[in-house]
Amino acid sequence: MTTASAPGKIILFGEHAVVYGRPAIAAPVAQVQATAKVRADAGAPRAEVTIEARDLDRQVRLSEAADDEPLADIVRRTLAHLGQPSLEVGLVVEVRSSIPIASGLGSGAAISTAVARALAAHFARPLDEAEVASLVYETEKLYHGAPSGIDNTVVAFGRPVYFVKGKPPETFRVAEAFRIAIADTGVASPTRIAVGGVRERWQADGGRYEFLFDRIGEVSVRARAAIESGETASLGGLMNENQEWLREIGVSSPELERLIAAACAAGAPGAKLSGAGMGGNMIALVDDQCEAAVVSALHEAGAEGVIVTNVRPHLP
Ligand code: PMV
């Protein structure tokens, strides 16, 4: 049996603007994981692959699955990429995930990454990060329509990335670790809907939206400089500024605003939504002084779950 896992992710800066070519910064979240196990299924007919995803309440047979079934899609793509290895016996691909769905934590990308890696390991043909990221990108299109590529990149690379659509991802120096509290509004928000709404508004008022995307892109550039130089205290102000622009583009929500206000009132130097918005998760910068107060304020304000994660210097 082979096993592989992949982390969740948060977008620290630049969501939505990244779809329109501006830079964004994302980091993996190791506290939540997707795992895939591949084992031979002697009882199954040759060449049959069965995907079992108990957390999603799904069992998918590859031979019967529709073209737009994401679990089947990543299996088909990975097998094709591996040169269609012959299946001596049937295979079971067992998928587990602790990453909440449709909440901006990259659950789809993490599941696909774990499946691609576990299959590659089964056939003793490990894939590098860029190969995994590009396989997962194709499957992400089934969830998102036209994703920027940031989710599959940060999840497959497993370290903080500075990402510009269509360019190779840049990893960068995290001079000093910093901590982020992540709180779930409990409101499911499919990325496709939030991204589609922004596209409609951009089509109706391109000048204004290009202006807003420029402002968000500038925040990402300044945030990268702050992270690289260890000036992590300034990240709070940059998160607040990014959130102002996200409000303007219409992707915040009353539930997100309630959690953001609670985190800031409890001492967080900055907070913003993370991911597609309109629900899903928000993030707040925390430190030793405010962490406990922020976490309990988020619970009191109705967060469904709170995770505190470290964004660390990545070891080459
Ligand atoms: O998958 P989510 O919810 O983290 O959203 C992805 C970020 C967006 O910028 C909104 C979309 C994209 O494709 O980059």
Side-chain angles (χ1 to χ4, degrees), residues 6-29 32 34 70 97 99-113 133-134 136-157 160-167 169-170 180 182-202 209-210 212-217 219-220 223 239 242-243 245-253 255-256 259 272-283 305 307 309:
K9 72 99 208 354
I10 44 174
I11 296 184
L12 291 167
F13 296 96
E15 49 274 271
H16 289 289
V18 68
V19 175
Y20 299 83
R22 275 61 164 196
I25 298 175
V29 177
V32 286
S97 176
I99 309 173
I101 296 164
S103 70
L105 291 184
S107 122
I111 289 172
S112 296
T113 298
S134 71
V136 173
Y137 179 69
E138 293 303 318
T139 300
E140 283 285 283
K141 289 181 182 167
L142 297 174
Y143 293 105
H144 290 186
S148 65
I150 192 168
D151 280 22
N152 51 295
T153 300
V154 64
V155 168
F157 280 74
V161 294
Y162 180 86
F163 182 84
V164 178
K165 187 175 171 178
K167 296 201 179 156
E170 293 175 45
I180 297 284
I182 308 166
D184 193 345
T185 59
V187 178
S189 172
T191 303
R192 183 189 283 274
I193 293 175
V195 170
V198 173
R199 183 159 299 274
E200 275 172 25
R201 296 192 287 280
W202 171 75
Y209 275 73
E210 289 294 327
L212 294 168
F213 297 148
D214 278 342
R215 300 289 80 72
I216 292 175
V219 172
S220 295
M239 287 167 75
N242 195 160
Q243 177 62 20
W245 302 124
L246 286 164
R247 259 179 221 130
E248 297 264 327
I249 67 171
V251 291
S252 196
S253 74
E255 294 83 1
L256 284 163
L259 297 184
K272 62 182 277 294
L273 67 84
S274 180
M278 302 180 72
N281 278 277
M282 56 72 72
I283 57 175
I307 299 167
T309 194

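Every number for a ligand or one of its atoms is a count from 1 in the order of the listing.
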*Asks:* Taking 4.0 angstrom as the limit and counting only heavy atoms of I150, give me the atoms of ligand 1 inside it, by number and element.
*Replies:*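 Taking each heavy atom of I150 in turn, ligand 1 has 14 (O) under 4.0 Å.
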*Asks:* Where does V19 meet ligand 1, judged by heavy-atom distances below 4.0 Å: at the side chain, the backbone, both, or neither?
*Replies:* side chain
*Asks:* Side chain to side chain contact (heavy atoms under 4.5 Å, CB included) for I10 and I182? Distances and angles first, verdict last.
*Replies:* CA-CA 8 Å; I10 44 174; I182 308 166; 3.7 Å; yes
*Asks:* Out of all atoms in ligand 1, which are within 4.0 Å of some heavy atom of T191? Include the element for each.
*Replies:*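 The atoms of ligand 1 under 4.0 Å from a heavy atom of T191 are 1 (O), 2 (P), 3 (O), 5 (O).
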*Asks:* Number the atoms of ligand 1 from 1 as they appear, then name those within less than 4.0 Å of a heavy atom of K9, with their elements.
*Replies:*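 Near K9, the atoms of ligand 1 are 1 (O), 2 (P), 4 (O).
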*Asks:* Report, in ascending order of atom number, the atoms of ligand 1 lying under 4.0 Å from any heavy atom of G275.
*Replies:* 2 (P), 3 (O), 4 (O), 5 (O)
*Asks:* Evaluate R22 against E210 for side chain to side chain contact (heavy atoms under 4.5 Å, CB included), listing each step before the verdict.
*Replies:* CA-CA 10 Å; R22 275 61 164 196; E210 289 294 327; 2.5 Å; yes
*Asks:* For a side chain to side chain contact (heavy atoms under 4.5 Å, CB included) check, start with the C-alpha distance between Y20 and Y209, then their side-chain angles and the critical distance, and finish with the verdict.
*Replies:* CA-CA 10 Å; Y20 299 83; Y209 275 73; over 6 Å; no
*Asks:* Which atom pair, heavy atoms only, marks the closest approach of V18 to S148?
*Replies:* CG1-OG, 3.6 Å
*Asks:* Using a strict cut-off of less than 4.0 Å between a Lys/Arg side-chain nitrogen and an Asp/Glu carboxylate oxygen, indicate whether E248 and R201 qualify as a salt bridge.
*Replies:* no
*Asks:* Identify, for atom 7 (C) of ligand 1, the protein heavy atom at the shortest distance, and state residue, atom and that distance.
*Replies:* I11 CD1, 3.4 Å
*Asks:* Which ligand 1 atoms, with their elements, are less than 4.0 angstrom from a heavy-atom of S148?
*Replies:*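 Ligand 1 atoms under the 4.0 Å threshold to S148: 12 (C), 13 (O), 14 (O).
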*Asks:* Just jot down the ligand 1 atoms closer than 4.0 angstrom to any heavy atom of P147, in number order.
*Replies:* 13 (O)
*Asks:* Which heavy atom of the protein is the closest neighbour of atom 8 (C) of ligand 1, given with residue, atom name and distance?
*Replies:*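 Result: H16 N, 3.9 Å.
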*Asks:* Counting non-hydrogen protein atoms only, what is the nearest one to atom 1 (O) of ligand 1? Give residue, atom name and distance.
*Replies:* D151 OD2, 2.8 Å
*Asks:* Spell out, as yes or no, whether a donor-acceptor pair under 3.5 Å connects the side chain of D184 to the backbone of N281.
*Replies:* no
*Asks:* Looking only at N/O atoms, are V18 and ligand 1 under 3.5 Å apart anywhere?
*Replies:*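 No.
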*Asks:* Has T191 got a side-chain atom pairing as donor or acceptor with A276's backbone, closer than 3.5 angstrom?
*Replies:* no
*Asks:* Going by the order shown, which atoms of ligand 1 are within less than 4.0 Å of some heavy atom of E15?
*Replies:*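 Counting atoms of ligand 1 from 1, those under 4.0 Å from E15 are 9 (O).
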*Asks:* For L12, does its backbone N or O pair with a side-chain atom of K272 as donor and acceptor, under 3.5 Å?
*Replies:* yes
